Amino acid sequence: QVQLVESGGGLVQAGDSLRLSCEASGLTFSSYAVGWFRQPPGKEREVVAAIGRNPDRTFYADSVRGRFTISRDNTKNTVYLQMNGLKPEDTAAYYCAAVYTSVVVATSSGYRYWGQGTQVTVSA
């Protein structure tokens, strides 16, 4: 049974940093591409960042490029999203997702497994 569990969300002030974690179980984690998505209140889910099997292969949404960093530690079956310089517009529920593939996947439809999400709230 595949499980993805996000953690690290919280309430912070603009300019602060957070690190989200996505821990996977029930799969050969190193063979999976992983993505982070977010869904702001009243809006559709959008991609934030994605990482391939090769950790040098990454994708970032324009809105977070230069502020967020995605990385993975296969020894811990975990993908991280380091978020620096947080803005109120980053407020959303953040989800990680995984799919068995060798490429970087930047669309939600491309993912098979999803976590339950963690809330990030950034106050002005």
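This one's a predicted model, so the numbers in the text were calculated from it and none came from an experiment.
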Response to the item:
Value for OG1 (Thr121) from CG (Asp90), rounded to nearest 0.5 Å, stands at 11.0 Å

Worksheet item: About how many Å separate CD of Glu23 and CG of Asn77, when rounded to the nearest 0.5 Å?
Response: 7.0 Å

Discussion item. Rounded at 0.5 Å granularity, tell me how far CD in Glu6 sits from CD in Gln119.
Written reply: 12.0 Å

Practice prompt. Taking the side chain as every heavy atom from C-beta outward, state whether Leu20 and Met83 have any atom pair closer than 4.5 Å.
Written response: yes

Discussion item. Hydrophobic clustering (ILVMFWY, side-chain heavy atoms < 4.5 Å, transitive) - are Val103 and Phe37 grouped together?
Written reply: yes

Fill in: Beyond-backbone contact of Leu4 with Val34, side-chain heavy atoms, under 4.5 angstrom
no

Worksheet entry | With sequence neighbours excluded, residues passing side-chain contact (heavy atoms from CB on, under 4.5 Å) with Gln13 | Asp16, Ser123

Practice prompt. Answer with yes or no whether the hydrophobic clustering places Leu27 together with Trp36; edges join I, L, V, M, F, W, Y residues whose side-chain heavy atoms lie under 4.5 Å apart.
Written response: yes

Fill in: Over all atoms of both residues, closest heavy-atom pair of Ser21 and Thr78
CB-CG2, 4.1 Å

Discussion item. For Arg57, is the CZ atom crowded, meaning more than 12 foreign heavy atoms sit under 6.0 Å from it?
Written reply: no

Practice prompt. List in chain and number order the residues that pass side-chain contact (heavy atoms from CB on, under 4.5 Å) with Ser71, two or more places apart in sequence or in another chain; answer none if no residue qualifies.
Written response: Tyr80

Fill in: Tyr60 side-chain N/O to Ile70 backbone N/O, donor-acceptor pair under 3.5 Å
yes

Which pairs would a plain distance check flag for residues 44-55, meaning a side-chain donor or acceptor within less than 3.5 Å of a matching protein atom at least two apart in sequence or in another chain?
unit_1, atom_1, unit_2, atom_2, d
Glu46, OE2, Arg38, NE, 2.7
Glu46, OE2, Arg38, NH2, 3.3
Arg53, NE, Ser31, O, 2.7
Arg53, NE, Thr101, O, 3.0
Arg53, NH2, Ser31, O, 3.2
Asn54, OD1, Asp56, N, 2.9

Fill in: For Phe68, all residues meeting ring pair (Phe, Tyr, Trp, His ring centres under 6.0 Å), sequence neighbours excluded
none

Worksheet, complete the sentence: Correct closest heavy-atom pair for Trp114 and Ser108 would be CZ2-O, 3.5 Å

Worksheet entry | Verify same cluster id: Val79, Leu18 (apolar side-chain graph, 4.5 Å) | yes

Worksheet item: Between OH of Tyr94 and CG of Leu81, what distance do you get to the nearest 0.5 Å?
Response: 7.5 Å

Practice prompt. Working to the nearest 0.5 Å, report the span between CD of Gln116 and OG of Ser7.
Written response: 13.5 Å

Worksheet item: Would Tyr32 and Tyr95 show up in the same hydrophobic cluster when neighbours are defined by side-chain heavy atoms closer than 4.5 Å?
Response: no

Item to complete: Considering non-hydrogen atoms only, spot the tightest contact between Phe29 and Asp73 and give its length.
Response: CE2-O, 4.3 Å

Response to the item:
Ser30 and Arg72 have their tightest heavy-atom pair at CA-NH2, 4.0 Å

Discussion item. Can you pull out every disulfide bond (SG atoms under 2.5 Å apart) where at least one residue sits in residues 54-92? Sequence neighbours excluded, please.
Written reply: none

Worksheet item: Considering residues at least two apart in sequence or located in another chain, which fulfil the side-chain contact (heavy atoms from CB on, under 4.5 Å) criterion with Thr107?
Response: Val105, Ser109

